[in-house]
Amino acid sequence: MSAGAKSPRRYWLFKSAADCYSIQDLAKETGKQTFWDGVRNYQARNMLRDDVQVGDRVFFYHSNCDPLAIVGICEVVRAGYPDHTAFDKSEQHYDPKSKPEDPTWMMVDIKLLQIFPEPVTRDQLKEIPELAKMVLLQRGSRLSIQPVTETEWKKVCQLAGVKEK
DNA sequence: GCCAACGTTGGC
DNA sequence: GCCAACGTTGGC
């Protein structure tokens, strides 16, 4: 990380059920920053562990609400580390098979950069040919951590009417 | 609230 | 290691 060439910034989309944790909740956090806990899917875990890096950009997506939409942009401020909520029996996402000495689940820290002036809705996204291949829009896509291409990133920023961050 | 798609579990 | 049953996610 410290030595050698800086790897290029990557782009992601993090899903959150809006009634559970919304971008407005994130905006209220100290430093507008939080740890992204509760991911309990191996494919998503692998990305958090191996691919999501400090400086990467993240779209914040609201699922299970109206409207379904990308609502803002975050920055990764800490790369993958053990999700301690898996060790805690009182936590909703407690998982007895994950041990502090050998953690199964990982999380990252993100910081809010901006809330879009207007959310970019799922319906809008579906109308854009360049976005037809977005992981988010694929049938049956349930991943809560998804890669986003640079092209997709720029297009969504354009739709949101914001400068690419 | 429904249900399709998907991941996980567990019997064999 | 297969696969049926089950639970969950999440769009509609």
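Convention: sequence-line order gives letters A, B, ...; per-chain numbering from 1.
Using a distance-only test at 3.5 Å, with no hydrogens or angles considered, no donor-acceptor pair links the side chain of A/K111 to the main chain of A/G31. In this structure, the side chain of A/E29 does not engage the main chain of A/L26 through any donor-acceptor pair within 3.5 Å.
Interface limits on DNA chain B: the 5'-most and 3'-most nucleotides within less than 4.0 Å of chain A heavy atoms are B/dA4 to B/dT8.
Applying a 4.0 Å cut-off to non-hydrogen atoms, the residues of residues 121-143 of chain A that approach DNA chain C are A/R122, A/K126, A/R142, listed by residue number.
The stretch residues 62-72 of chain A participates, sequence neighbours left out, in no salt bridge (charged side-chain N to carboxylate O under 4.0 Å, His left out) pair at all.
The one candidate from A/D95, A/D83, A/T85 that meets the side-chain hydrogen bond (donor to acceptor under 3.5 Å, both in side chains) condition with A/W105 is A/D95.
Other residues, nucleotides and ligands place no more than 12 heavy atoms under 6.0 Å from the CD atom of A/Q43.
For the pair A/R57 and A/F59, the NZ or CZ position fails the cation-pi test of under 6.0 Å to the six-membered ring centre and within 45 degrees of the ring normal.
Taking the side chain as every heavy atom from C-beta outward, A/W153 and A/V148 approach each other to under 4.5 Å.
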